[in-house]
Protein chains: 2
Amino acid sequence: MTEEDKQTEEKIFESATEVFVEKGMDGARMQDIANRAGINKSLLHYYYRTKDHLFNAVFEMIAGQMFKKFAPVLDENLPLEEKIRFFFREHIAFMQKNPRLPSFILNELHRNPERIRKLIQNIDINKLWTTIEAQHKEELKRYNITKENIPQFMTTVAGMSVFPFVARPVIASIMEKMGYDFDNYLEERKEYAADFVINALKKQEASNKM
Amino acid sequence: MTEEDKQTEEKIFESATEVFVEKGMDGARMQDIANRAGINKSLLHYYYRTKDHLFNAVFEMIAGQMFKKFAPVLDENLPLEEKIRFFFREHIAFMQKNPRLPSFILNELHRNPERIRKLIQNIDINKLWTTIEAQHKEELKRYNITKENIPQFMTTVAGMSVFPFVARPVIASIMEKMGYDFDNYLEERKEYAADFVINALKKQEASNKM
DNA sequence: GTCTATAGAAGGATAGAC
DNA sequence: GTCTATCCTTCTATAGAC
């Protein structure tokens with residue numbers, strides 16, 4: 001299917017996604033979306049009624065995409081160490097293809113925290129923890145990961161993956177001045193992050209034994 | 001000095017800071033700033049000419065504040081391990097008092113990446129690295145921190161500190177559902193992050209010896 | 001310096017022809 | 001379904017009185 005053949009509604013949705021992700025809800029302009037879609041402004045309202053509706057459609061699609069990327073980590077039947085490597089490889093690869101998504105999502109959640117609360121309402125966190133515990137009982141004990149400190153651990157892992165994209169302007173500028181390449185940095189990060197986390201866990205393990 | 005006694009320009013600047021940090025450049029309204037300052041909209045233009053000027057003044061102050069917080073880490077005459085502890089303690093404490101600053105800064109840098117490039121132009125990164133190297137020559141060698149992988153290490157450390165504030169809506173919602181307290185999580189993070197990083201380094205050290 | 005009034009432009013949304 | 005024309009509101013910015 002070529003660009004020309006795309007149905008109008010689909011084309012609008014794609015253009016809207018581009019503009020909203022780039023500029024955010026407040027910075028996005030309906031005119032800009034219409035121009036990119038190659039149609040008239042009023043058609044936007046015909047299909048999506050208001051800017052708010054259009055934004056919500058886009059946001060829900062993107063947030064869904066993002067959360068889906070976390071799911072396989074729980075399903076895969078791998079040792080914890082391999083899961084960590086798998087996560088960084090896949091998650092960073094996804095964001096390399098969609099580098100603006102993390103900032104966009106986190107930012108819009110600041111503007112409207114209710115949105116995330118509703119999403120999380122539907123998740124059974126206790127069940128999630130039970131699943132993890134069942135899959136990795138011994139490893140969790142060995143590495144001293146408990147239900148109490150799992151937020152610390154999870155946010156550490158997530159942060160190592162996401163932070164480079166959120167702070168990209170800063171990091172890229174510094175690296176440019178050092179003569180290094182940001183894309184190369186991202187590529188290396190998949191392994192560096194996994195090694196770093198696993199090292200921290202293993203040292204923890206060594207301390208436990210004493 | 002009470003709220004009433006404050007000079008107009010100062011009051012405007014403070015109100016503008018509040019509104020810009022909360023809503024971002026695109027979401028901020030001059031009317032909102034004027035209301036908080038308890039003055040008329042046109043006075044904003046009298047003192048700062050345009051919204052852009054006012055925003056720049058606010059942003060530069062805030063970015064300066066943020067960068068100043070990193071400086072002591074280089075000055076303090078402490079072993080690397082203690083510096084890492086010092087950094088997390090101080091940096092997280094600062095953000096606890098100003099929880100919206102990280103998102104605000106990073107976000108506005110996405111909107112205008114030139115801003116950060118100019119700031120970094122003025123920094124002599126090679127000199128910075130020489131300073132660090134001189135202070136911690138043996139430790140860097142021991143922990144296998146090189147000029148080549150220092151971006152990986154620095155962004156890991158920065159991310160562990162900053163990410164909780166950038167992803168606050170997500171993290172806080174999940175923790176709320178788990179019955180945990182986000183503020184307590186932040187308090188604990190100062191030590192958890194330091195331990196985590198130091199453990200990773202020490203494990204690296206152990207591997208080096210083999 | 002501070003206010004009122006208003007200009008001038010932009011943006012979201014709708015009416016109505018085709 | 002798609003377009004043109006236009007309404008209405010909001011927002012930045014300025015003019016001018018005090």
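Excluded from the calculations below are hydrogen atoms, water molecules and symmetry mates; all remaining heavy atoms, backbone and side chain alike, are included. In what follows, chains are A, B, ... by sequence order, proteins preceding strands, each numbered from 1. Keep in mind that this is a model prediction, so the values were computed, not measured.
B:Phe70 and B:His91 have their aromatic ring centers within a separation under 6.0 angstrom.
What separates CE of A:Met25 from P of C:dG11 is a distance of 14 Å, to the nearest Å. Across the protein-nucleic acid pair, B:Tyr48 atom OH and C:dT2 atom C1' stand 16 Å apart, rounded to whole Å. Look at CZ on B:Phe55: it is 18 Å from P on D:dC11, rounded to the nearest Å. Taking atom CG of residue B:Asn40 and atom P of nucleotide D:dC18, one finds them 16 Å apart after rounding to whole Å. Distance, A:Leu43 CG to C:dG12 C1': 15 Å, rounded to whole Å. Across the protein-nucleic acid pair, A:Asn35 atom CG and C:dG11 atom P stand 11 Å apart, rounded to whole Å. One can place NZ of B:Lys51 at 15 Å from P of D:dT14, the figure rounded to the nearest angstrom. A:Leu44 places its CG atom 10 Å from the C1' atom of C:dG12, with the value rounded to the nearest Å.
The main-chain N or O of A:Tyr185 is found under 3.5 Å from a side-chain atom of B:Gln152 such that the two form a donor-acceptor pair.
With hydrogens and angles left out, the side chain of A:Lys41 and the base of C:dG12 share a donor-acceptor pair within 3.5 Å.
For the OP1/OP2 pair of D:dT2 and a distance below 4.0 Å, the side-chain nitrogens and oxygens of A:Tyr47 include at least one atom meeting the criterion. For C:dA13, the OP1/OP2 oxygens have no side-chain nitrogen or oxygen of A:Arg49 closer than 4.0 Å. OP1 or OP2 of D:dT2 lies within a sub-4.0 Å distance of a side-chain N or O belonging to A:Thr8. Distances shown here put a side-chain N or O of B:His45 below 4.0 Å from the OP1 or OP2 atom of D:dA13.
Residue B:Val197 comes nearest to B:Met160 through the heavy atom pair CG2-SD, 3.7 Å, listed as atom of the first residue, atom of the second, then distance.
Checking C:dT4, D:dG1, C:dG12 against every side-chain atom of B:Ser42, the shortest atom distance belongs to C:dT4. Of the candidates C:dT2, D:dT12, C:dA13, the closest approach to any side-chain atom of B:Tyr46 belongs to C:dT2.
Counting any heavy atom pair closer than 4.0 Å across all strands shown, B:Ala28 reaches sugar-phosphate atoms only and no base atom.
Under the 30°/60° scheme for interplanar angles, the aromatic rings of B:Phe196 and A:Phe196 are found to be tilted.
Using a 4.0 Å cut-off between charged side-chain N and carboxylate O, A:Arg85 and A:Glu191 make no salt bridge.
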